Amino acid sequence: MHDTVQILEGSYGLDRRSTPHGEGRRWLRRIIHFFSYHLILKRGTTRRTTAAGFRLTVRPTVFHPRYFLTSEFFAGFLNQLDLTGKRVADVGTGSGILALAAARAGAASVTALDINPAAAKSAAENACDNGLGDRVTAVCSNLLSAISPSAMFDVIISSPPSFPGEPRDVADRAWHAGPNYRDIEALFEQARERLAPGGRLYLLLSSDSDLDLFSRLITEARFNASLVRERSVLIESLIIYSLKAY
């Protein structure tokens, strides 16, 4: 497992393409999802854990930041940013770990958004429990739809579901984004409308995601994409892109 930092300015869409996978790789993904869904995502109890230096309550159906590597990887990246005085939105907040990391990095205000009501409750609880309740507000929302179009943000962060496919239920929406990523397709246009001049959208993707489709959505929303952090883990790479409107 290792991190790399690479900054590619001025490219439209993404710097890499989707990689075709054989049947063995697809079966491995199905097995990973089966156990992740039944043992973690669909669990029926509230868990308490520590991740990225935060004490977290994780309600049933909420994405668990200790069992999946994306949360702490993204939080570690945010810790290195200077967000002093910034207005931040965290789309798909889950437990709220990224919203808390943004507040710790100096953000003046953070709006933590999730379509799962249990996630919004977890994020609100965790903000208060970690002494950040005065700067983090949790909202149950489908992407940014519950936020007024006049509300502007300096930074938007999102770690959307990595894979296409119809989710079984609200818990599975952390893994599957609908056929052809239907459930998050509007993210980029909504983000562009709500980014202040010079603002950034930080996006975490898996190398196993449909990068060609994401590249098209990013280009259609008129964003420049720069790769800013990458970590190789087992069968995939986790990639963080910085998107800036042009």
Side-chain angles (χ1 to χ4, degrees), residues 9-14 63 70-71 74-75 77-78 81-117 119-120 123-124 127 132-161 173-174 177-178 181-205 209 213-229 239-246:
E9 292 288 356
S11 59
Y12 302 119
L14 304 181
F63 191 81
T70 53
S71 298
F74 206 165
F77 169 76
L78 295 174
L81 299 181
D82 181 5
L83 299 180
T84 302
K86 302 292 188 184
R87 299 161 295 176
V88 178
D90 174 19
V91 183
T93 193
S95 65
I97 184 173
L98 300 183
L100 302 185
R104 185 169 60 189
S109 63
V110 185
T111 303
L113 304 154
D114 205 292
I115 196 170
N116 184 348
L132 298 170
D134 59 331
R135 287 188 286 140
V136 177
T137 302
V139 179
C140 187
S141 174
N142 183 4
L143 304 178
L144 288 150
S145 63
I147 303 300
S148 168
S150 63
M152 302 299 287
F153 300 97
D154 303 297
V155 174
I156 297 174
I157 56 182
S158 185
S159 178
R173 294 189 72 146
Y181 293 87
R182 172 201 64 206
D183 298 338
I184 60 170
E185 186 176 14
L187 169 63
F188 302 99
E189 289 291 350
Q190 290 182 6
R192 182 180 173 83
E193 293 171 356
R194 291 166 176 80
L195 274 176
R200 296 273 181 170
L201 166 59
Y202 291 104
L203 179 75
L204 188 150
L205 300 175
S209 299
L213 185 144
F214 275 105
S215 188
R216 176 177 63 79
L217 294 175
I218 288 166
T219 300
E220 288 176 351
R222 292 168 294 150
F223 279 109
N224 269 340
S226 304
L227 191 156
V228 293
R229 183 65 54 85
I239 312 165
I240 300 176
Y241 284 99
S242 170
L243 308 184
K244 185 176 181 181
Y246 62 85

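The shown structure was predicted, so the numbers you read here are calculated from the model rather than taken from an experiment.
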Where is the tightest heavy-atom contact between [X] and [Y], given as atom of each residue plus distance?
X    : Y    : value
A221 : F188 : CB-CB, 3.7 Å
E189 : E220 : OE2-O, 3.5 Å
M152 : L195 : CE-O, 3.1 Å
S159 : T70  : OG-CB, 4.3 Å
A123 : A112 : CB-CB, 4.3 Å
L217 : E185 : CD2-CG, 3.7 Å

Any residue meeting side-chain hydrogen bond (donor to acceptor under 3.5 Å, both in side chains) with [X], in chain and number order, not counting sequence neighbours:
X    : result
Y241 : D15
R192 : none
D114 : none
S209 : none

Taking the side chain from [X] and the backbone from [Y], do they hold a donor-acceptor pair closer than 3.5 Å?
X    : Y    : answer
S141 : L113 : no
R194 : I156 : no
S242 : S226 : no

Problem - Qualifying side chain to side chain donor-acceptor pair (under 3.5 Å) pairs with a residue from residues 143-157, counting only residues at least two apart or across chains - result: R87-D154, S148-S150
Fill in the blank from the handout: Across all chains, not counting sequence neighbours, the salt bridge (Lys or Arg N to Asp or Glu O under 4.0 Å) partners of R222 are none
Does a side-chain heavy-atom distance below 4.5 Å link [X] with [Y]?
X    : Y    : answer
F153 : T111 : yes
L98  : Y202 : no
I218 : L203 : yes
L14  : L205 : yes
D183 : P161 : no
N116 : F63  : no

When rounded to the nearest 0.5 angstrom, what distance separates [atom1] in [X] from [atom2] in [Y]?
X    : Y    : atom1 : atom2 : answer
L201 : N224 : CG    : CG    : 12.5 Å
I240 : L78  : CD1   : CG    : 7.0 Å
L81  : R104 : CG    : CZ    : 12.0 Å

Exercise for the section: Compute the centroid of each ring, for Y181 and then for F214, and state whether the two points are separated by less than 6.0 Å. Expected result: yes
Problem - Pair F74-I97, side-chain contact (heavy atoms from CB on, under 4.5 Å): steps then yes or no - result: CA-CA 9 Å; F74 206 165; I97 184 173; over 6 Å; no
Exercise for the section: Would you sort out whether R135 and V110 count as a side-chain contact (heavy atoms from CB on, under 4.5 Å), showing the intermediate values? Expected result: CA-CA 6 Å; R135 287 188 286 140; V110 185; 5.6 Å; no
